[in-house]
Amino acid sequence: MLRGEAITRTFGGITALDDVSFSFAAGKITGIIGPNGAGKTTLFNIITGIYAPTEGKVFLEGKDITGLAPEKLARMGMVRTFQGIELFPQMTVLENVMVGRHTKSKSGIIASAFKLPGHIREEKNIREKALSWLQFAGLGDLADQEAGSLPFGRGRILEIARALALEPRIIFMDEPAAGLNSRETRELAGLIRKISELGITIALVEHDMELVMDICEEIMVLNLGRKLAWGTPREIQENREVVMAYLGEG
Amino acid sequence: MKRELLKFLLFAIVVSVVPAFVSGGYLLNVLVFVGIFTMLAVALNLLLGFAGQISLGQAAFYGLGAYMSGVLTASHGMNPWVAMLIGAGAVGLLTFVLGFPILRLKGHSLAMATLGLGIIVYIFFNETVDVTGGPSGLSGIPNLTVGSFVFDSDLKNYYLIWGFALLAILLAVNLTNSRIGRALKAIHQSEVAARVLGVDVHLLKVEIFTISGVLSAIAGSLYAHTVMFISPTSFGFNVSIELLTMVIIGGLGSIYGSVLGAALLTLLPELLRTFQDYDIIVYGLLLILMTMFMPGGLVRGIPDAAVALYGKLKGGGADVER
Amino acid sequence: MASSDQILQYCLSGLSTGAIYALIGIGFAIIYNSTGIINFAQGEFVMLGGMLTVFFLSVAVLPLPAAVTAAVLVATLVGVIFERLAIRPLKDAQPITLIIITIGGSILIRGIVMLVWGKDTHALPAFSGNEPLFVGGATILPQHLWIFVITVLIIAANRLYFHHSISGKAMRACSYNARASRLVGIDVKRMVLFSFAISAAMGSMAGIIIAPLTMTSYDVGVMLGLKGFCAAIIGGMSSGIGTVFGGLIVGVLESLGAGLVSSGYKDAIAFFILLIILFLRPQGLFRKGETERV
Amino acid sequence: MGKIIFKTLSVLCLMLAMASVTVAAEPIKVGALFSVTGPASFLGEPERNTAVMVVDKINKAGGIKGRKVSLIVYDTQGDATKAVQAATRLIKDDKVVAIIGPSTTGDTMAVIPIVEKEGIPMISCAAGIKITDPAKKWVFKTAQNDNLAVQRIYEYLKTQGIKRVALLTVSDSFGSSGREQLKGLAKSYGVDIAADETYGPKDTDMTAQLTKIRGSEAKAIICWGTNPGPAIVARNVKQLGITLPLIMSHGVSSKKFIELAGDASAGIIIPSGHVIVADQLPGSDPQKKALMSYVKEYQARYKAEGDHFGGHAWDAMTLVKMALERGAATPAAIRAQLEKTRNYNGIGGIFNFSPTDHAGLTKDAFVMVTIKNGDWVLIKDKKAGGKAGAKK
């Protein structure tokens with residue numbers, strides 16, 4: 001599904017990622033873990049087009065997507081969420097999700113300004129679809145609230161719902177459980193499974209080991225910019241190097 | 001959606017009955033200009049209030065529209081409507097082409113680039129004396145006509161210009177409540193999230209810059225045919241700042257706020273009759289105080305203030321009772 | 001065709017106006033680097049310098065050095081007051097808001113000066129006479145020497161301050177990372193205030209040393225401010241040598257443009273260059289580009 | 001939005017209603033449009049001051065035929081848009097019988113369609129030749145046409161035997177109008193323009209243009225602008241050691257220019273209205289009386305020098321006053337009376353209006369003056385002009 005080949009990225013003189021290769025299987029939940037500074041977020045940023053890699057290539061279903069801008073990737077069915085959540089705070093919850101339908105609609109400025117018939121139909125469709133995704137994520141009753149007023153945990157879910165509205169083939173989540181309490185984390189786990197059941201490939205960076213071990217089918221471990229290990233949760237838990245890396249950090 | 005339409009219809013009705021109460025005086029003339037500035041402020045608001053992109057060179061597009069119309073009709077005898085179309089088209093093309101490099105810039109660089117563009121265009125108005133008449137202006141611009149009907153009085157021009165202004169408002173309102181409008185607001189609030197969701201941020205910025213330019217150019221054409229004379233000073237840097245003030249005072253992102261801002265600033269000499277020589281200071285103060293204390297503009301600021309005041313009064317009353 | 005004497009004269013004229021643009025540009029850069037604000041009122045400090053000196057010379061009848069000192073002090077005070085009243089209350093405002101506030105401030109300062117001292121243009125006597133000096137086949141005035149010397153001095157003092165004094169270093173730290181600076185105990189607010197004070201002082205000094213050549217009136221600040229801004233942008237908003245070169249480049253190109261191409265389009269040339277630089281090298285001529293995309 | 005309009009409206013209606021009640025002994029309303037602020041305030045401010053001064057004097061003397069004159073002044077800020085609004089207001093709301101001003105050619109051209117349509121006489125204080133050429137029914141002007149000043153300069157150059165000149169004009173409406181006339185009339189006076197340079201109104205250094213001029217074949221420099229540009233030009237000329245005669249326009253005919261240019265002003269020659277050399281005129285000069293009283297009154301009231309530009313407003317207001325005194329009361333009658341004005345000895349010159357000439361002046365409105373010992377000195381006559389060429 002998504003493949004990375006020998007990805008290297010340097011900032012100034014510092015090598016944040018060094019020759020990392022990987023392959024995320026379609027329909028699976030893959031976790032990326034590693035101590036702080038391992039290069040997880042950098043890797044995410046490279047895959048999702050925020051940075052270009054210094055060296056290496058990224059392929060989405062065999063297509064070279066290296067260095068493509070995020071908006072192009074979105075059209076190819078790739079979407080992500082952010083560690084510090086990036087909502088549109090002055091728009092309603094529903095409107096936030098409606099923006100997620102951007103790639104699935106096409107009325108231009110002229111059609112929108114003159115309210116051409118096709119546009120009206122499309123708007124209706126956008127609204128309905130957005131609402132159904134909100135309900136899917138369990139936020140249906142908050143549709144008309146301003147997004148900026150949501151509690152942090154709800155905001156997190158909203159960001160995921162917004163990403164889902166794109167009907168992506170693969171979704172990247174950057175530390176989705178950060179800042180959530182244990183009840184919210186459980187709900188999140190449920191939601192992620194539900195998403196996976198739709199056949200959407202999921203990749204997530206996460207520090208919450210319990211969550212990762214619980215929901216992920218495959219795990220990649222990064223340390224100091226290099227790939228340390230790859231395997232099922234069980235394999236990773238038994239990997240001595242991984243344990244060493246974490247202990248060394250702690 | 002329905003509410004928006006109702007609001008618009010109500011506003012349109014108010015606009016169309018106003019002349020009945022004004023009866024041909026100076027105020028009607030001022031209201032004609034309020035219409036022109038409304039178009040300009042709405043145009044800037046689409047760019048600044050929704051997409052969050054500043055432009056300190058709006059007067060250039062306004063002026064280009066006016067000069068295209070003026071030169072083509074006064075010097076080349078072209079039909080005014082055709083000239084208006086050509087003007088709008090030319091400005092559209094210019095803003096579209098220039099938009100690509102300009103809107104790659106952000107913040108202060110963007111402000112400076114648009115400002116520089118405005119100054120360059122202004123210098124061209126002044127220097128191409130053979131075409132534009134230079135600093136002493138271009139006269140002999142005809143009124144607009146439809147068949148044998150000539151828009152030659154304030155009343156006729158009022159309906160003509162407000163017709164255009166209402167159309168501009170309607171289109172802007174439609175736009176802001178659409179897929180495009182949401183994407184614009186998204187750009188403003190989190191550009192990176194908008195991009196990740198597939199919004200082609202750069203292209204959209206360029207498109208809205210173009211729309212803003214075309215709208216301004218049409219306002220310029222209308223100005224030229226109403227006043228029948230144009231000179232560069234009407235399209236200088238200070239006009240761009242005036243437009244900025246209108247949008248800020250009315251409220252960033254509020255279309256009707258822009259109408260209010262345009263009306264207030266055009267009527268300002270009226271409202272501040274005693275301030276004659278002081279109006280430059282009043283401008284400066286308004287800009288500072290509004291951005292500091294009413295960042296949402298009057299349209300949002302006044303209700304907020306009213307609510308706060310009401311709360312205080314209520315709170316105060318409760319205190320007395322206790 | 002232009003002779004070499006003519007070219008020399010164009011360059012000399014350009015360098016002297018360019019030095020002023022550089023001074024104003026550095027004022028922009030200092031504030032920008034410590035606060036991220038583009039202070040559109042910077043040109044008004046330049047105007048204040050000239051107008052206040054005229055005031056202290058003619059109304060208060062001070063001798064020139066005292067008048068200059070007083071003018072710089074008052075202009076600096078205005079800068080400080082402006083920061084206190086209009087900038088500090090807005091924490092974490094958007095760049096657009098700050099741009100608008102400083103535009104408002106510039107209009108306000110200009111308006112007040114117009115009301116207090118009228119719309120007349122005023123001349124300031126040259127610091128040391130008006131007898132032209134010959135440089136090859138070209139001429140300059142003693143005042144030009146003053147401009148060069150004072151510009152160099154100010155820039156040197158600036159460098160000394162930013163690199164060798166505690167508060168200067170603290171200000172630089174703020175420009176790199178305000179939050180981190182706050183964590184190590186730097187009073188960021190005070191540094192912002194400092195930056196306004198310093199750039200107001202520099203701007204007013206620029207206004208004073210050119211006033212004998214260019215005269216001064218309530219509205220001289222607008223164009224000078226914009227040109228100084230060009231200088232800073234070309235110099236990549238550096239508060240050092242980059243902006244100095246930026247200023248000199250704008251000055252010389254303008255002068256050459258007026259002499260060799262067309263005097264009417266002189267300003268258009270300056271802004272055209274600015275646009276080209278913004279399009280091709282938005283980070284300025286003297287700064288390495290960043291590769292990040294978002 | 002609607003509310004505000006209605007409020008303004010109701011206030012306005014009330015005012016109108018009150019106004020119509022007090023019809024009796026109503027003052028004569030004269031409107032004035034001056035660019036009191038903005039880039040052309042150097043014109044508008046002295047003009048407004050002068051007009052106010054003249055009206056006060058009229059009223060102190062008991063008004064015209066027992067009716068006071070009320071002057072309503074609006075600031076156009078040198079912006080055509082504001083000029084149009086202000087003119088509409090004067091005509092439609094204030095119902096003035098005549099308008100004096102605007103100050104600039106641009107403002108005047110913007111306002112002309114309105115006064116022509118509404119039929120209100122207007123006496124512009126701007127110099128642009130196209131204001132009255134061709135003559136428009138309702139539009140007059142008191143500022144001397146730029147071409148008259150240019151003719152004076154070219155005649156003067158002829159007496160000096162100079163045939164090649166360099167132009168350095170400011171790129172605003174004053175400078176571009178002068179430039180147009182200088183270029184247009186050059187051929188008929190056999191003058192060759194060797195260099196044609198411009199500078200911006202806010203420019204601070206003109207050495208580049210002057211260096212270019214120095215490299216040209218020009219034998220004299222004609223600089224057309226208003227303060228402070230020409231003062232900088234004068235200083236730059238001195239800095240560059242250029243010895244060519246420097247001729248400027250009436251745009252600098254005030255003491256202020258000498259103050260700004262300092263030593264560099266010595267020997268500069270300009271065509272000027274008579275006002276700056278009023279005291280040097282022979283007693284027989286028909287204009288002397290008006291000139292002296294203008295200068296004295298202005299000095300007494302505003303503690304400043306009454307200049308050339310204020311003079312335009314003096315003439316405009318006085319012309320309106322004379323028309324009123326001759327019994328005109330309606331706009332149409334005032335217009336008719338204005339057109340009949342003969343031999344009015346004003347500040348700007350001796351006015352003779354006719355149906356085809358609404359500018360009314362000849363080139364005698366200008367005299368050539370030069371700067372000596374920090375003051376303006378009359379260059380005696382065309383024939384004697386030679387001895388005044390201080391910088392030959």
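Chain naming here is simple, since letters A, B, ... match the order of the sequence lines and numbering starts at 1 in each. These numbers come from a predicted model, not from an experiment.
The shortest non-hydrogen separation linking B:Gly198 to A:Arg75 is O-NH2, 3.9 Å. The minimum heavy-atom distance between B:Asp200 and A:Glu71, with the atom names listed, is OD1-OE2, 3.8 Å. Minimum interatomic distance between A:Met91 and B:Ala186 (heavy atoms only, all atoms of both residues): SD-N, 4.1 Å.
Shown here is A:Lys194, whose NZ atom has more than 12 heavy atoms of other residues, nucleotides or ligands within 6.0 Å. Counting heavy-atom neighbours within 6.0 Å of B:Arg104 CZ, excluding the residue itself, gives a total of 12 or less. Shown here is A:Leu198, whose CG atom has more than 12 heavy atoms of other residues, nucleotides or ligands within 6.0 Å. The 12-atom threshold is exceeded at CZ of A:Arg193, counting heavy atoms of other residues, nucleotides or ligands nearer than 6.0 Å.
Looking only at heavy-atom pairs under 4.5 Å with chain A, the residue among B:Ala194, B:Gly253, B:Ser190 that has the most is B:Ser190. Comparing B:Arg179, B:His202, B:Gln189 by heavy-atom pairs within less than 4.5 Å of chain A, the highest count is held by B:Arg179. Listed options A:Met76, A:Glu86, A:Arg101 were ranked by heavy-atom pairs under 4.5 angstrom with chain B; first place goes to A:Glu86. Contacts with chain B were tallied for A:Gly100, A:Ala111, A:Ala74, A:Ser105; A:Ser105 has the most, counting heavy-atom pairs under 4.5 Å.
Looking at A:Leu87, only its backbone comes within 4.5 Å of chain B, counting heavy atoms on both sides. At a 4.5 Å heavy-atom cutoff, the contact between A:Phe82 and chain B is made by side-chain atoms alone. Residue contact with chain B, scored on non-hydrogen atoms closer than 4.5 Å, involves the side chain of A:Glu122 exclusively. Contact annotation for A:Arg80: both backbone and side-chain heavy atoms come within less than 4.5 Å of a heavy atom of chain B.
Between B:Arg182 and A:Ile126, some side-chain heavy-atom pair lies under the 4.5 Å cut-off. At least one side-chain heavy atom of A:Glu95 sits less than 4.5 Å from a side-chain heavy atom of B:Lys185.
To the nearest 0.5 Å, atoms NE2 (A:His119) and OG (B:Ser178) are separated by 5.0 Å. The structure places CD1 of B:Ile180 at 7.5 Å from OG of A:Ser107, a figure rounded to the nearest 0.5 Å. Here the CZ atom belonging to A:Phe88 is positioned 5.0 Å from the CG atom belonging to B:Leu197, to the nearest 0.5 angstrom.
The side-chain contact (heavy atoms from CB on, under 4.5 Å) test with A:Ile109 singles out one residue from B:Leu46, B:Leu171, B:Thr210, B:Leu175, and that residue is B:Leu175. The side-chain contact (heavy atoms from CB on, under 4.5 Å) test with B:Val196 is passed by exactly one of A:Thr48, A:Val79, A:Leu73: A:Val79.
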